[in-house]
Amino acid sequence: MRQIATTAELQSAVAEAKAKGLEIGLVPTMGALHEGHLSLIERALRENDMVVVSLFVNPIQFNNKEDLEKYPRTIDADLKLIADKISAMDDLRATELLAFTPSVDEMYPDGEPTEVYHFGPVEEVMEGPRRPGHFSGVAVVVRRLFDLAQPKRAYFGEKDYQQIAVIRALLKQIQYPIELVPCPIVRADDGLALSSRNMRLSPAARAMAPAINATLEQAAEMAEYEDVDDVKEWVLDTLSSYHEVNPQPDGLKFEPEYFEIVDAITLQPIENWDDTDNGAVGCIAVWLDGVRLIDIVKF
Ligand code: PAF
């Protein structure tokens with residue numbers, strides 16, 4: 001593993017790899033790595049000759065200043081996790097991993113980028129209206145990473161389900177021949193979707209959080225015999241009233257922001273289970289203990 005902090009170094013390493021005909025896999029991250037990220041890195045190491053893992057907390061995708069400030073920055077621990085992952089793997093195809101750890105000035109030398117992306121209906125639902133500018137900020141940094149790393153494949157986790165749809169739309173817009181590789185959510189033993197934000201939960205909130213996935217799993221069973229609207233309402237009611245049924249210390253409670261059942265590709269809400277040929281996905285955002293958690297369930 002080689003740590004690279006400048007775009008010039010990354011571009012020269014990529015040019016060298018391309019001259020040898022190597023296939024590059026890109027895993028964009030904001031650091032604070034957990035097993036979810038490591039599963040993306042592992043897959044990229046198995047499917048490519050060289051892997052670029054970016055660790056960059058992208059300020060322009062945060063519409064909430066406090067969230068940006070509180071975002072965990074754990075570069076040394078992250079690099080160790082990557083090194084341990086590489087040494088624990090035996091049949092990896094990649095011969096080199098570049099950990100790209102640029103500063104904000106290095107990524108945006110001319111100051112905050114002015115370009116703005118629009119993706120139409122896929123960004124007009126769920127996270128889009130609630131986090132104005134978020135997906136455009138993601139697209140700016142991801143495109144920059146595409147330009148720098150010139151990957152054949154790019155790996156994204158399905159926990160940020162809408163982000164994948166946005167990256168799919170970005171690739172269509174800019175027409176880069178990059179294969180988008182969506183990777184399944186990795187969960188803790190108790191079912192909580194792994195997220196860098198989980199480390200901000202108090203022990204009591206962390207103990208309560210698996211109820212999100214448990215509720216979604218029950219919803220998937222209900223979908224066999226209940227209508228879309230009934231399943232939606234049941235999920236929102238179950239989580240909103242969780243603290244009444246299971247009294248919690250410190251007044252802890254779930255505050256669902258949304259739960260939508262949508263077409264798995266277009267992300268448009270469906271009214272009936274057979275309104276989609278792409279499959280249906282339930283996407284949820286819930287506040288708990290001042291932390292915004294998101295998760296999905298496939299129906
Ligand atoms: O999913 C994330 O961690 C970020 O949105 C990404 C794709 C690394 C862009 O900053």
Side-chain angles (χ1 to χ4, degrees), residues 4 7 10 25-41 43-44 51-64 67-75 77-79 81-82 98-104 106-108 112-113 115-117 119 122-123 126-128 130-149 151 153-171 173-174 176 178-186 193-200 267 283 285 291-296:
I4 284 185
T7 53
L10 178 58
L26 171 68
V27 184
T29 82
M30 296 207 296
L33 301 186
H34 50 65
E35 284 298 328
H37 298 110
L38 294 176
S39 73
L40 269 56
I41 295 171
R43 183 151 174 202
V51 171
V52 176
V53 179
S54 62
L55 302 106
F56 175 64
V57 181
N58 176 32
I60 63 166
Q61 73 184 70
F62 287 80
N63 51 320
N64 176 332
D67 198 23
L68 171 61
E69 277 160 14
K70 281 193 187 159
Y71 204 87
R73 288 155 172 90
T74 55
I75 285 285
D78 292 343
L79 295 177
L81 281 175
I82 299 174
L98 306 180
F100 179 49
T101 57
S103 65
V104 174
E106 187 65 27
M107 275 306 264
Y108 302 128
E112 192 162 310
E115 71 248 53
V116 176
Y117 286 89
F119 299 106
V122 287
E123 68 165 351
M126 303 188 288
E127 298 292 306
R130 292 172 174 91
R131 302 177 71 187
H134 168 68
F135 286 126
S136 182
V138 169
V140 169
V141 78
V142 168
R143 183 179 187 165
R144 186 137 175 74
L145 291 168
F146 285 166
D147 288 337
L148 292 167
R153 301 179 189 88
Y155 297 77
F156 292 87
E158 283 190 330
K159 190 172 77 65
D160 292 297
Y161 197 82
Q162 194 171 2
Q163 173 168 275
I164 291 182
V166 164
I167 304 297
R168 193 178 291 120
L170 171 71
L171 283 171
Q173 216 171 89
I174 61 181
Y176 284 8
I178 296 173
E179 186 190 326
L180 172 64
V181 187
C183 301
I185 293 183
V186 177
L194 296 189
S195 163
S196 312
R197 289 192 166 87
N198 294 352
M199 62 175 87
R200 283 165 42 196
L267 300 199
C283 302
V291 182
R292 190 172 184 273
L293 300 172
I294 58 172
D295 202 347
I296 65 153

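Just so you know, ligand 1 is whichever comes first in the structure, and atom 1 is the first atom listed for that ligand. Along the sequence shown, residues carry numbers from 1.
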Close-contact set for ligand 1 against Val141 heavy atoms, below 4.0 Å: 9 (C), 10 (O)

Lys/Arg-Asp/Glu bridge criterion (N-O < 4.0 Å) met for Arg197, Asp67: yes

Polar atom proximity, Thr29 to ligand 1 (N or O, under 3.5 Å): no

Ligand 1 N/O within reach of Asn58 N/O, cut-off under 3.5 Å: no

Closest protein heavy atom (residue, atom, distance) for atom 4 (C) of ligand 1: Gln61 NE2, 3.6 Å

Where ligand 1 meets Met30 - atom numbers and elements under 4.0 angstrom, heavy-atom basis: 3 (O), 4 (C), 8 (C), 10 (O)

Atoms in ligand 1 flagged as close to Pro28, the criterion being non-hydrogen separation under 4.0 Å: 8 (C)

Lys/Arg-Asp/Glu bridge criterion (N-O < 4.0 Å) met for Glu127, Arg292: yes

Donor-acceptor side-chain pairing of Tyr108 and Asn58 below 3.5 angstrom: yes

Heavy-atom pair of closest approach, residues Leu33 and Asp78: N-OD1, 2.9 Å

Closest approach of Gly157 to Ile164 (non-hydrogen atoms, all atoms of both residues): O-CD1, 3.5 Å

Distance flag, aromatic centroids of Tyr71 and Phe62, threshold under 6.0 Å: yes

Numbered atoms of ligand 1 (with element) below 4.0 Å of Gln163, judged on heavy atoms: 1 (O), 2 (C), 4 (C), 5 (O), 7 (C)

